[in-house]
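Here the structure is a predicted model, which means the values were calculated and not measured. Chain identifiers are assigned alphabetically (A, B, ...) following the order of the sequence lines, protein sequences preceding nucleic acid strands; residue numbering begins at 1 within each chain.
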Amino acid sequence: MPELPEVENARTVLAQATGRVIAEIDDRDDWVCRPHRPGDIATALEGGTLTTARRIGKTMWCDTRTADGADGPALGVHLGMGGRIVVTDSGGERIGGGPARPDRQPRKTEWDRFTVAFADGGEFRLFDKRRLGRIRLDPDLSGLGPDAENMKPAEFRDRLAAGRSAVKARLLDQSVLAGVGNLLADETLWQARIDPRTPVRDLTRTDLDRLHRNLDRALERAIANGGVHTGEVIEHRHPGGHCPRCGTEMVHGTVGGRSTWWCPKEQE
DNA sequence: ACTCGTGTTAGCTG
DNA sequence: TCAGCTAACACGAG
């Protein structure tokens, strides 16, 4: 599920975990918590509090304070392909995450990969069937480009146009800009009518500005509508799918190492 | 039964 | 150095 819009929603849920005293942490999943050893994260954070819930691209982290009021290590949270944040109140009820809707995910405790129990009785959990999510202390954010939201046109052009990769590969490169995933890239390129395979060096300034405007719009709409899966072209990304604008059959290929669908007529 | 995938990373190759 | 490929992680969906 998670690309920038989903992660931003998750961040608002995670924010519900701030300001509460950490009683106990279950960090026994040594794959999700690598390279830490079981107990490392618990030792570092138990007795303290999470003070913020921040995000760049698809990476979230909480700043922390120790029991005696000093700054603690940051707690990094990445959802991977399908992780979800669950925060409960002292009564065990889920909080955050917008309008209440029944949780369709069957819950199985072995899929809770990391749990913070608060002194008030509530919890913060990373629920992740595929175990591709990640928790770590003081995550390295230096490899991330600027968040894909709120980039200036010139900054977007300069960063995107460097190098000679296919434009989609560039959009997916988190060190160029952070937050665009596979679905959002396909949606944006379709909206902008640009072939995902186009080398960035062949894009004109006009192309880049149009791409940027469409990325902004796709992000805004995905956030408003509840996720990247609400994009216009997303439901047509399958064998036999047709371009919702012109009706041409969508074409499939691999670009930037990822499954890619585009309209061969409009995206040249 | 078998392939694919909304993500990331390490390691390898040209 | 850069760019592209592969494997690994684990499981559901088609």
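A salt bridge does not link A:Arg94 with A:Asp89: none of the charged nitrogens is closer than 4.0 Å to a carboxylate oxygen. We find that A:Asp112 and A:Arg125 are joined by a salt bridge, their nearest charged nitrogen and carboxylate oxygen being less than 4.0 Å apart. With respect to A:Asp128 and A:Arg84, no salt bridge is recorded, no charged nitrogen being found less than 4.0 Å from a carboxylate O. With respect to A:Glu8 and A:Arg55, a salt bridge is recorded, a charged nitrogen being found less than 4.0 Å from a carboxylate O. Using a 4.0 Å cut-off between charged nitrogen and carboxylate oxygen, A:Glu6 and A:Lys58 do not count as a salt-bridge pair.
In this structure, A:Lys129 places its NZ atom 11 Å from C1' of C:dA13, rounding to the nearest Å. Rounded to an integer number of Å, the gap from NE2 of A:His252 to P of B:dT3 is 16 Å. Whole-Å rounding puts the A:Trp261 CH2 to B:dC4 C1' distance at 11 Å. In this structure, A:Trp31 atom CH2 and C:dA8 atom C1' are separated by 6 Å, rounded to whole Å.
The ring-ring contact (aromatic ring centres under 6.0 Å, His included) contacts involving residues 129-169 of chain A comprise A:Phe156-A:His212, where partners must be two or more places apart or lie in separate chains. Applying the ring-ring contact (aromatic ring centres under 6.0 Å, His included) test to residues at least two apart or on different chains, none of the pairs has a partner in residues 32-70 of chain A.
Take A:Glu266 and apply the side chain to side chain contact (heavy atoms under 4.5 Å, CB included) test, not counting sequence neighbours, and it matches A:Trp190, A:Arg193, A:Cys243, A:Arg245, A:Cys246, A:Cys263.
When the shell of 6.0 Å around CZ of A:Arg34 is examined, it contains more than 12 heavy atoms from other residues, nucleotides or ligands. The number of heavy atoms from other shown groups lying within 6.0 Å of CZ (A:Arg210) is above 12.
Inspection of the A:Thr204 and A:Asp207 side chains reveals an N or O donor paired with an N or O acceptor under 3.5 Å.
The C1' atoms of C:dC9 and B:dA1 are separated by 22 Å, rounded to the nearest whole Å. Taking atom P in both B:dT8 and C:dT1, one finds a spacing of 24 Å when rounded to whole Å.
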Nucleotide-level pairing of DNA chain C, given in dot-bracket where Watson-Crick and G-U pairs need both distances under 3.5 Å and | marks other strands: .||||||||.||||
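Residue contacts shown for A:His238 are absent, as no nucleic acid heavy atom lies under 4.0 Å away.
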Please list each protein N or O that sits under 3.5 Å from an N or O in nucleotides 1-3 of chain C, with the distance.
residue	atom	partner	partner atom	Å
C:dA3	OP1	A:Arg164	N	2.9

Please write out the pairs of protein N or O atoms and N or O atoms of nucleotides 7-10 of chain B separated by less than 3.5 Å, giving the distance to one decimal.
residue	atom	partner	partner atom	Å
B:dG7	OP1	A:Lys58	NZ	2.9
B:dG7	OP2	A:Asn182	N	3.3
B:dG7	OP2	A:Arg258	NH1	2.7
B:dG7	OP2	A:Arg258	NH2	2.8
B:dT8	OP1	A:His78	NE2	3.0
B:dT8	OP2	A:Lys58	NZ	3.1

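Here the nucleotide nearest the side chain of A:Ala169, chosen from C:dG4, C:dC11, B:dG5, is C:dG4.
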